[in-house]
Amino acid sequence: MPALDRFLDIGLPGLVFLGLCAWLIRKAMKAARTERDLEEERLEGAFAEELRAGRERAAGSHRPNLVAIAPPETAAEAPLLDPLTAADVRDADPAHLPLVAGMVREREQLLRAQQVGPADVERRIEVLWVRSNATHAVWCERRRAATSAAKGVTREVICVAQIEDGTVVERWSFG
């Protein structure tokens, strides 16, 4: 009987301790799950719109907006074919992109008509990005000098166009 007494003296408190540890671990895990659920509800409630927009933007970043551009009619227009080739157009309305491309081509032709002497730069205007909402399109142009020797004259210009019913109503540029 002394062995049974010794087992009860040492083993029974050990079993109680292990049971208490298991119970505490279970309670901690339940509290962590509850905290996670509350955090998700808070994000879905207060930031639901921003969270949804972020998810849509992330999903849309894998599918760039592509717009067909008409082929050039003359050989002189060939270098001006698509000024939006390297532009980030993820947040732009696809219906506005042809309008922006047309305004950039028009500006390019105006700059080429004003230049004096030969030009060794293929494209004077490079569009960096385009953003738009229902009524306005905004884009950033990098405008270069006519020659490579005048690289320091390059500047970036923010352009804005008000668009109504598929036509440009008003334009502004800053920079």
Side-chain angles (χ1 to χ4, degrees), residues 36-175:
R36 182 194 64 209
D37 292 343
L38 287 173
E39 206 47 46
E40 286 176 1
E41 286 176 16
R42 184 182 69 81
L43 282 176
E44 288 177 4
F47 301 109
E49 185 69 30
E50 293 173 26
L51 187 61
R52 189 177 314 109
R55 287 180 180 157
E56 288 173 5
R57 187 175 297 138
S61 67
H62 299 293
R63 294 171 283 151
N65 294 334
L66 301 176
V67 175
I69 304 294
E73 296 176 9
T74 65
E77 291 181 11
L80 307 175
L81 178 62
D82 187 9
L84 304 180
T85 301
D88 175 10
V89 296
R90 288 178 293 185
D91 294 329
D93 184 348
H96 294 164
L97 294 178
L99 297 171
V100 171
M103 287 184 279
V104 171
R105 278 193 211 100
E106 182 182 307
R107 170 64 67 184
E108 179 86 28
Q109 289 172 348
L110 181 66
L111 289 174
R112 291 208 181 270
Q114 290 175 350
Q115 80 186 26
V116 177
D120 62 355
V121 176
E122 179 183 338
R123 181 179 286 159
R124 297 277 306 269
I125 298 176
E126 174 189 5
V127 178
L128 303 177
W129 51 260
V130 181
R131 306 287 187 267
S132 66
N133 60 21
T135 60
H136 289 80
V138 180
W139 66 97
C140 181
E141 295 178 352
R142 180 173 289 146
R143 294 184 183 171
R144 293 188 173 88
T147 62
S148 301
K151 283 189 233 177
V153 185
T154 300
R155 63 189 181 124
E156 293 180 357
V157 179
I158 301 294
C159 301
V160 182
Q162 182 179 358
I163 300 171
E164 290 180 7
D165 298 325
T167 59
V168 177
V169 178
E170 197 168 350
R171 302 186 332 186
W172 306 269
S173 60
F174 307 94

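The figures here come from the full heavy-atom set of this structure, side chains too, leaving out hydrogens, waters and symmetry mates.
- Pairs passing the salt bridge (charged side-chain N to carboxylate O under 4.0 Å, His left out) check and including a residue from residues 156-175, sequence neighbours excluded, read E106-R171, R142-E156.
- Shown here for H136 and W172, the closest heavy-atom pair between the two residues is CD2-CZ3, 4.1 Å.
- In this structure, the side chains of I125 and R105 stay at 4.5 Å or more apart for every pair of heavy atoms.
- Atoms CZ and OG, from R143 and S173 in turn, are 5.5 Å apart once rounded to the nearest 0.5 Å.
- P83 and A101 make their closest contact through CG-O, 3.7 Å (heavy atoms, listed as atom of the first residue, atom of the second, distance).
- With rounding to the nearest 0.5 Å, the separation of CH2 in W139 from NE2 in H96 is 11.0 Å.
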Test F174 against V160 for side-chain contact (heavy atoms from CB on, under 4.5 Å), laying out the working first. CA-CA 9 Å; F174 307 94; V160 182; 4.0 Å; yes
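- Atoms CG and CZ, from D88 and R131 in turn, are 4.5 Å apart once rounded to the nearest 0.5 Å.
- Between V127 and V104 the shortest heavy-atom distance is CG2-CG2, 3.6 Å.
- Residues passing the side chain to side chain contact (heavy atoms under 4.5 Å, CB included) test with T135 are N133, sequence neighbours excluded.
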Please walk me through it: do W129 and V138 pass side-chain contact (heavy atoms from CB on, under 4.5 Å)? CA-CA 8 Å; W129 51 260; V138 180; 3.9 Å; yes
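- Residues S132 and D93 share a closest heavy-atom pair of OG-N, 2.6 Å.
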Test side-chain contact (heavy atoms from CB on, under 4.5 Å) applied to E108 and L111, step by step: CA-CA 5 Å; E108 179 86 28; L111 289 174; 5.7 Å; no
